[in-house]
Participant: 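The following block contains the structure, expressed as structure tokens.
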Amino acid sequence: MSARDPELAPTFAAIVGEDAVATSPSELLRHGSDESYHQPALPDIVVYPHSTDEVVRVVAECRRLSLPIVPFGAGTSLEGHVTAVLGGISLDMTRMNRIVEVRIPDLDVTVEPGVTRLQLDAALRPEGVFFPVDPGADSTVGGMISTGASGTTTVRYGTMRENVVSLTVVLADGAVVRTRSRARKSSAGYDLTQLFVGAEGTLGVITEAVLRLHPTPEAMTAAVCSFPSVRRAVECVIATIQMGIGVARAELLDEVQMGAVIRRHQLAYAEAPTLFFELHGSRSAVEEQEDELRSLAETFGARDFVRATDERERRRLWEARHRAYEAALAMRPGARGLLTDVCVPLSRLAECVEATRHDIDASGLTAPIVGHAGDGNFHVILVIDPNRPDELDRAKHLSERLVRRAIEMDGTSTGEHGVGIGKRSFLELEHGPAAVELMRSIKRSFDPDNRFNPGKILPDQASADPAYTRAG
């Protein structure tokens, strides 16, 4: 069947219903784009399944018609993950959005992949539990699993890898696999769950997930303090972790990002490198650790130590942090953001951030830095004029220097954004040829026809060649 064949709509409507397929130009563009700078690449059709059984039937039909399948969640990815580089089906999972069962005694929850972070939070909060992974955007659970997402609370609660218990996945041959039981631990066989976390939809379609929950802390306190330099701020974070102070969040904003946030949200803080902390625990433990944190921060030159215990004020502070991207774009109205991330060992974080700031200043670009200082991960928001190709070229060059520097420091090209099409060229530099070939063999074993999200992470020769890319 040829690309964008009019028969595609009735073919898939027979499986999911007429109201669950879309071929309008606006829907194709939305599903062939993400939040990144990468060129859109449109699917032939958008299909909205409602159940695992429908996903199985859609996969079977795509196998019969030799059509690629690109799973889609909220479209908030940052490395071109959802672009349909070879056309085919955009499998939008947002109608599979049931919270199937919350089990408080077991501290876990079963959800479908279209459940969003905020939807899950609203359902869990009255139960006195929460799901800790918070990437900022209102991403879907399926997307968060597929990109190996993390966020501001990683320093205490871990990433998606530590918080996904089990998955139900539809494979290329139509088999439905449950990757493991709900037991808190298991040593039975290969860890199939972890194989799909971070696979970016290249090995199968996730249709259900069991997630780990945590009790809502009795007390939470946020603290903000500025430092004379990025290095002193990072040294403070390292010392905080070494002393065993139980920070749940330790976020770094450099002076450029802090200035943007202050102007955007009318915050009364210094325009200097700043740490946002949050402490979780019992009331007495939080009070004791807050005193320890304040004293420690002051030894590293911290100024204007401000605390917030009121929930509304805490949420206001973290909303400002989560909207750092919007604040950065507001520095140049009409501009677009090229957002990249790396992660390095914590002992190298200050050195990496300082070298990156030097590169940014030398480039003449506007680019704030914001990071999860507690785990060595930081983001650079390159704010560029889309009508100036020279700025995009400079931004790409700067991003490449950043990635190579991080890998040289025994870090990674991406701490939480994923590989997609944006960072696949660095995979061999980071892991070595033998490891990459092992990944290729896994892909061939699970998906011999390269049906699932072709061209991502480990592209074959055809999908890696721009001449074969289906631009929108």
Side-chain angles (χ1 to χ4, degrees), residues 36-37 78-79 150 154-155 226-242 250-261 270-276 300-302 321 324-325 327-328 331-332 337-384 390-419 422-423 425-431:
S36 71
Y37 69 93
L78 293 163
E79 292 294 352
S150 55
T154 298
V155 64
S226 60
F227 290 81
S229 68
V230 165
R231 180 168 294 276
R232 298 296 277 171
V234 172
E235 288 172 347
C236 177
V237 173
I238 294 173
T240 299
I241 293 171
Q242 289 176 337
E251 296 292 290
L252 170 68
L253 280 67
D254 80 344
E255 62 274 18
V256 179
Q257 181 66 74
M258 197 62 193
V261 167
E271 198 166 323
T274 300
L275 289 177
F276 284 58
F300 288 95
R321 160 60 187 91
Y325 182 64
M331 296 173 72
R332 293 185 69 185
L338 191 161
L339 182 57
T340 189
D341 86 310
V342 296
C343 189
V344 296
L346 197 53
S347 61
R348 306 296 299 273
L349 179 59
E351 179 186 356
C352 194
V353 171
E354 287 177 337
T356 301
R357 172 49 61 195
H358 180 271
D359 285 350
I360 293 168
D361 293 342
S363 75
L365 295 172
T366 299
I369 295 175
V370 58
H372 311 307
D375 49 57
N377 181 205
F378 70 95
H379 310 265
V380 178
I381 307 171
L382 293 144
V383 185
I384 59 175
D390 65 302
E391 288 196 7
L392 179 58
D393 289 342
R394 277 184 284 156
K396 288 180 177 179
H397 176 69
L398 195 149
S399 179
E400 180 175 344
R401 280 179 58 84
L402 169 60
V403 169
R404 291 184 180 278
R405 178 183 297 117
I407 293 173
E408 287 171 3
M409 291 180 171
D410 206 16
T412 177
S413 63
T414 174
E416 59 186 21
H417 291 178
V419 176
K423 290 186 173 175
S425 62
F426 300 110
L427 212 62
E428 187 167 311
L429 177 65
E430 180 174 336
H431 294 288

Participant: Under a 4.0 Å N-O cut-off, is there an ion pair linking Asp410 with Arg348?
Facilitator: no
Participant: Could you check whether any side-chain N or O of Ser363 sits under 3.5 Å from a backbone N or O of Ile360, counting only pairs where one atom can act as donor and the other as acceptor?
Facilitator: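 Pair found, side chain donor or acceptor close to backbone of Ile360.
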Participant: State, without any angle test, whether Ser413 and Glu430 hold a side-chain donor-acceptor pair at a distance under 3.5 Å.
Facilitator: yes
Participant: Would the distance check show the side chain of Ser399 and the main-chain N or O of Ala395 forming a donor-acceptor pair, the cut-off being under 3.5 Å?
Facilitator: no
Participant: If you look at every heavy atom in Lys423 and Glu79, which pair is closest and at what distance?
Facilitator: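 Residues Lys423 and Glu79, closest heavy atoms: CE-OE2, 3.6 Å.
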Participant: Under a 4.0 Å threshold between the charged nitrogen and the carboxylate oxygen, would Glu235 count as salt-bridged to Arg232?
Facilitator: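 Yes, this pair counts.
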Participant: Side-chain contact, heavy-atom cut-off 4.5 Å: Ile241 with Leu346?
Facilitator: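 Yes, side chains in contact.
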Participant: Going by an N to O cut-off under 4.0 Å, is there a salt bridge joining Arg394 and Asp359?
Facilitator: no
Participant: Should Glu400 and Phe426 count as side-chain neighbours, where that means a heavy-atom distance under 4.5 Å?
Facilitator: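 They are in side-chain contact.
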Participant: On a heavy-atom basis, which atom in Ile381 and which in Val370 lie closest, and how many Å separate them?
Facilitator: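 Answer, listing the atom of Ile381 first, then Val370: CD1-CG1, 4.3 Å.
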Participant: With a sphere of 6.0 Å drawn around CZ of Arg332, does it hold more than 12 non-hydrogen atoms of other residues, nucleotides or ligands?
Facilitator: yes
Participant: For the pair Thr356 (side chain) and Cys352 (backbone), establish whether a donor and an acceptor sit closer than 3.5 Å, ignoring hydrogens and angles.
Facilitator: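 Judged by distance alone, yes, a pair lies under 3.5 Å.
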Participant: Checking Thr274 side chain against Ala272 main chain: does a donor-acceptor pair fall under 3.5 Å?
Facilitator: yes
Participant: A side-chain contact here means heavy atoms from C-beta on lying under 4.5 Å apart; do Phe378 and Leu252 qualify?
Facilitator: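 No. Closest side-chain heavy atoms not under 4.5 Å.
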Participant: A side-chain contact here means heavy atoms from C-beta on lying under 4.5 Å apart; do Leu382 and Leu339 qualify?
Facilitator: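 The answer is no, as the side chains (C-beta and beyond) never meet within the 4.5 Å cut-off.
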Participant: Identify the heavy atoms of Ile384 and Glu391 that sit nearest to each other, and give their distance.
Facilitator: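 Smallest interatomic distance, heavy atoms only, reads CA-OE1, 3.3 Å.
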Participant: Are Thr340 and His417 packed together at the side-chain level, in the sense that at least one heavy-atom pair is separated by less than 4.5 angstrom?
Facilitator: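 Thr340 does not reach His417 side chain to side chain.
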Participant: When you measure from the side chain of Thr412 to the backbone N and O of Gly415, does any donor-acceptor pair fall under 3.5 Å?
Facilitator: no
Participant: Between Asp254 (side chain) and Pro368 (backbone), is there a donor-acceptor pair under 3.5 Å?
Facilitator: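 Answer holds: no.
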Participant: Report yes or no: does Ser150 contribute a side-chain atom to a donor-acceptor pair with the main-chain N or O of Thr154 at less than 3.5 Å?
Facilitator: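 Not at all, since once roles are kept as given, no pair shorter than 3.5 Å links the two residues.
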Participant: Measure the shortest side-chain to side-chain distance between Asn377 and Val342 over non-hydrogen atoms and say whether it is less than 4.5 angstrom.
Facilitator: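 Counting from C-beta outward, Asn377 and Val342 never come under 4.5 Å.
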